[in-house]
Amino acid sequence: MPELPEVETIVRQLAPVVAGQTITQAGSHPSAKFSSAADAIDTQIHKVFRRGKYILFTLSNQHELIVHLGMTGKLQLVRAPDANDAYIRAWWQLSNGKRLELHDVRRFGRVAVVRAGEYATLPTLAALGPEPLDSSFNAEMFWKASRASRRAIKTQLLSQRLLAGIGNIYADEALWRAEIHPAARQLTKSQAETLRQELAVVIENAIKHGGTTLRDYRSLDGSTGENQHHLECYGRHGEACLRCGEPLARMVIDGRGTTFCKSCQKR
DNA sequence: CGCAGCGCCTGAAGGC
DNA sequence: TGCCTTCAGGCGCTGC
């Protein structure tokens with residue numbers, strides 16, 4: 001499941017390769033989730049950037065091509081299509097002879113072409129919170145924003161509104177490091193400060209390690225990340241807490257599996 | 001406007 | 001061994 005660090009890794013590889021290229025042809029799976037891929041034909045890619053988990057291509061016609069990888073999406077650059085690959089959901093032929101493909105087994109991903117900055121058809125992007133590594137993301141703002149909602153803090157982290165780009169892995173990691181119960185509903189100012197700090201630590205480390213590959217994630221060149229070897233909490237339910245030694249617990253919050261330490265992360 | 005609930009998808013893993 | 005069920009979950013949509 002590509003989250004901010006995985007998408008950041010992909011965008012860093014993608015940007016220098018596709019900037020300046022013209023999209024000469026494109027096609028997609030018939031689903032409406034992907035069919036707007038062809039709307040980018042005959043435009044030039046000016047630049048590529050990331051917001052949260054969204055990949056945005058600035059196009060020459062005042063539009064943006066937007067790609068979300070969902071759960072199993074991967075971008076790949078190939079020389080020729082592989083007829084045996086049944087999971088290509090969208091593709092764009094570039095003027096340098098390469099072909100950019102969105103491979104997405106479960107079709108939770110999405111492609112859109114919109115007028116630049118107009119995200120009404122992508123409500124999560126339209127309401128996206130600040131970037132966790134942005135200097136404008138300060139503790140005071142984070143604390144106030146978190147208190148505006150009564151939902152569990154983990155739910156807020158996953159909502160993309162409180163801040164951008166956090167998914168299940170890094171939510172569990174940051175809450176464990178901050179010693180905050182994932183179902184806590186009101187953070188103290190000091191908890192918010194700690195959580196903000198640990199979110200940044202977790203994200204920075206994951207980017208440093210090229211993202212987390214549990215099963216599906218691959219960067220643009222097909223390589224796996226290495227951050228799965230550095231996870232301290234996510235997926236370790238039943239194993240010893242690295243801080244106190246108690247077995248980590250598991251609960252479901254809003255339908256998402258959540259690993260945490262009952263001993264270190266009190267309500 | 002906030003938010004709970006649901007549906008989308010398919011391969012992997014578990015049960016019998 | 002093989003069939004069936006359950007699980008994984010980010011996000012858009014609907015309706016309260």
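Sequence lines set the chain letters: A, B, ... in the order given, protein chains first and strands last, and positions in each chain run from 1.
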Rounding to a whole Å, what distance do you find between [X]:[atom1] and [N]:[atom2]?
X        : N      : atom1 : atom2 : result
A:Asp254 : C:dA8  : CG    : C1'   : 16 Å
A:Asp172 : C:dG9  : CG    : C1'   : 13 Å
A:Arg107 : C:dG12 : CZ    : P     : 17 Å
A:Asp85  : B:dT10 : CG    : C1'   : 14 Å
A:Ile166 : C:dG9  : CD1   : P     : 16 Å

Closest non-hydrogen atom pair, A:Ser149 against A:Gln186: O-NE2, 3.5 Å
Of all the choices, [options], which nucleotide is nearest to the side chain of [X] once you look at every atom?
X        : options                : result
A:Tyr87  : C:dG10, B:dT10, B:dC3  : B:dT10
A:Phe108 : C:dC11, B:dT10, C:dG10 : C:dG10
A:Pro123 : B:dC8, C:dG12, B:dT10  : C:dG12
A:Arg106 : B:dT10, C:dG10, C:dC11 : B:dT10

Polar side-chain contact A:Arg215-B:dA12 base: donor and acceptor under 3.5 Å: no
At 4.0 Å (heavy atoms only), tell me whether [X] reaches a base, stays on the sugar-phosphate, or touches nothing.
X        : result
A:Ser149 : sugar-phosphate
A:Arg256 : base
A:Gly167 : nothing
A:Leu122 : sugar-phosphate
A:Tyr234 : sugar-phosphate

Min side-chain heavy-atom separation A:Leu65-A:Asp39 under 4.5 Å: no
Contact check, side chains of A:Leu175 and A:Thr258, non-hydrogen atoms, under 4.5 Å: no
Given DNA chain B, 5'-ward residue of the pair A:Arg161 and A:Arg89, judged by closest heavy atom: A:Arg161
Any side-chain donor near an acceptor of the partner, A:Ser95 and A:Gln21, under 3.5 Å: yes
Under 4.0 Å between a side-chain N or O of [X] and OP1 or OP2 of [N]?
X        : N      : answer
A:Gln160 : C:dG10 : no
A:Tyr54  : C:dG12 : yes
A:Arg110 : B:dC8  : no
A:Lys53  : C:dC11 : yes
A:His68  : C:dG10 : no

Geometric cation-pi criterion A:Arg106 and A:Phe108, 6.0 Å radius, 45° cone: yes
